[in-house]
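Here is the structure we will look at.
Model, not experiment: these values are computed from the prediction. Note on naming: letters A, B, ... go to the chains in the order of the sequence lines (proteins, then strands), and numbering restarts at 1 for each one. Atoms considered below: every heavy atom in the structure, side chains included; atoms not considered: hydrogens, waters and symmetry mates.
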Protein chains: 2
Amino acid sequence: MDEPAWLDEHELSAWQAFLATGAIINRLVEQQLKDDSGLSHSQYEVLVRLADATDGELRMTELAGAAFTSKSGLTYQVAQLEKAGLVRRRACPTDVRGVIASLTDEGWAALRAAAPGHAALVRELFVSGLSREEFAGFAAGLSALLGRLYAHVD
Amino acid sequence: MDEPAWLDEHELSAWQAFLATGAIINRLVEQQLKDDSGLSHSQYEVLVRLADATDGELRMTELAGAAFTSKSGLTYQVAQLEKAGLVRRRACPTDVRGVIASLTDEGWAALRAAAPGHAALVRELFVSGLSREEFAGFAAGLSALLGRLYAHVD
DNA sequence: AACCAGTTGTTCGAACCCGAACCAACCCCC
DNA sequence: GGGGGTTGGTTCGGGTTCGAACAACTGGTT
């Protein structure tokens, strides 16, 4: 009974703003990366996750989890990156089924080349539009939300 | 010179959280709508924008702008919705080129049927994880960000 | 040792989405 | 009133994504 069928005014406008910002930012980031480095956003994310890992290597499943894509989607993207010479695949020594994706030297170089432009755009779109306090509050909300979501997926 | 090539710790974690929340929420919402109503999220958004407009009617271009999709993407979705009987297309009286998408009775019914489950999920994922103050701060940040983005697209 | 539930990564079919190209029609200004 | 630039919407081709099905393998249990 206390669960109305529609979102109220505040909920709705925040929700719409969330969808809109996500859509617009994603589009602009995608565009910038493609124009500037020939990488899609998902490919860039894959490179970043690999670079974050020790030795620039990660099992496929771990990578899929970190990059917010499905297993099959990752198989596709890694195949593309391998074709481009940015990523290498090798067998996992402890599990015959396993595949380890690992950054090549070209992969590191591509990431280093792409990062500054990407960082500049993210700052411009995402950071510099807010005051320090606004950004702090916003980031706190995001992080709380994310924690909640992890609990929800479990 | 004062533009570092990488995001700093705070920027990065907020940015990652933003990407992660967007990805997870979109996936869950997509899933819920599909299971519950057989609609994709974009289709649901189209229905919502039409329902918000006077008489449940909108020109294709306005609709594309409101639903954050490309013109061709919208053509596709409206075709799907028309096939499903939820939307009708008619000629625009003041512009021969124009096409007006309009909700059918079935469209209104489908939206009314889908809304409660969707609203409940959005509340659960997006609203109820934050305190009232957190949510207010978060929403303010979102809205400021969105304003900035609109200026950026112009 | 033999089973069996769960995991790993790929393949396959389908859906989706975008940008570019396109045609028709609009607008406006001379 | 008749160009020329702009806009409205669709079509087309290609790339991307997903989930389901699959086969191979693992680890624990008996």
note = Testing C/dG9, D/dT26, D/dT11 for proximity to the side chain of A/Arg97, the answer is D/dT26
remark   = Between CE of A/Met60 and P of D/dC25 the distance, given in whole Å, is 17 Å
key: Charged N-O contact under 4.0 Å between B/Glu62 and B/Arg49   = no
Below 3.5 Å between N/O atoms, which protein atoms pair up with nucleotides 15-22 of chain C? Just atom names and distances, please.
residue : atom : partner : partner atom : Å
C/dC16  : OP2  : B/Tyr76 : OH           : 2.7
C/dC17  : OP1  : B/Ser42 : OG           : 2.8
C/dC17  : OP2  : B/Gln77 : NE2          : 2.3
C/dC18  : OP1  : A/Arg27 : NH2          : 3.4
C/dC18  : OP2  : B/Thr69 : OG1          : 3.0
C/dC18  : OP2  : B/Ser70 : N            : 3.2
C/dC18  : OP2  : B/Ser70 : OG           : 2.8
C/dG19  : N7   : B/Ser72 : OG           : 3.2
C/dG19  : O6   : B/Ser72 : OG           : 3.0

ask   = Looking only at atom types and distance, does a side-chain atom of B/Thr104 sit under 3.5 Å from a main-chain N or O of B/Gly85, one as donor and one as acceptor?
value = yes
ask   = Does B/Arg123 come within less than 4.0 Å of A/Glu11, counting only side-chain N to carboxylate O?
value = yes
key: Spacing of B/Asn26 atom CG relative to D/dT17 atom P, expressed in whole Å   = 14 Å
request  = Given side chain to side chain contact (heavy atoms under 4.5 Å, CB included), test A/Leu149 with B/Leu125 step by step and report yes or no.
outcome  = CA-CA 7 Å; A/Leu149 287 174; B/Leu125 297 178; 3.7 Å; yes
query = Base, sugar-phosphate, or nothing for B/Thr61, non-hydrogen atoms under 4.0 angstrom?
reply = sugar-phosphate
key: side chain to side chain contact (heavy atoms under 4.5 Å, CB included) partner of B/Leu86, the single match among B/Leu39, B/Val78, B/Val46   = B/Leu39
request  = Please state whether the phosphate of C/dG9, meaning OP1 or OP2, lies under 4.0 angstrom from any side-chain nitrogen or oxygen of A/Arg59.
outcome  = yes
ask   = Which sits closer to the 5' end of DNA chain D, B/Glu62 or A/Thr94, going by the nucleotide each is nearest to?
value = B/Glu62
ask   = Please give, in whole Å, the distance from C/dG9 P to A/Asp95 CG?
value = 7 Å
remark   = Result for side chain to side chain contact (heavy atoms under 4.5 Å, CB included) between B/Leu28 and one of B/Asn26, B/Ile24, B/Ile25 points to B/Ile24
For atom CD of A/Glu82 and atom P of C/dG9, their distance in whole Å = 14 Å
ask   = Between D/dT17 atom C1' and B/His41 atom NE2, what is the distance in whole Å?
value = 17 Å
